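Not measured: the values here are computed from a predicted model. Position 1 is the first residue of the sequence, and the numbers go up from there.
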Amino acid sequence: MNRAHGFLKLAIATIAIVVFWCVALPRLSANPQNQAYIEFLDERGIDPSAMFYTELDCMDSILVRNESQSRR
């Protein structure tokens with residue numbers, strides 16, 4: 001019974017993750033506030049999945065400017 005109980009917990013957790021990923025997240029992204037934020041990021045070329053700000057293309061000019069100021 002212990003092994004079946006563990007499998008049942010795993011199945012429930014998997015189903016919960018799938019429902020959250022496939023149902024809840026798409027509904028949240030359809031929210032007008034979230035759509036506006038997504039458009040805001042797209043207009044500025046910001047990739048929300050970037051791990052570091054230096055991975056963003058729009059940061060290149062800022063980094064160059066900071067480096068030139070620090071050399072003065």
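Taking the side chain to side chain contact (heavy atoms under 4.5 Å, CB included) definition, one finds that F40 meets it with Y37, R44, sequence neighbours left out.
How far CG of L8 is from CZ of R3: 14.5 Å, rounded to the nearest 0.5 Å.
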Do any side-chain atoms of residues 10-33 form donor-acceptor pairs under 3.5 angstrom with protein atoms, and if so which ones, sequence neighbours left out?
from, atom 1, to, atom 2, distance (Å)
T14, OG1, L10, O, 2.8
S29, OG, P26, O, 2.9
N31, OD1, Q33, N, 3.0

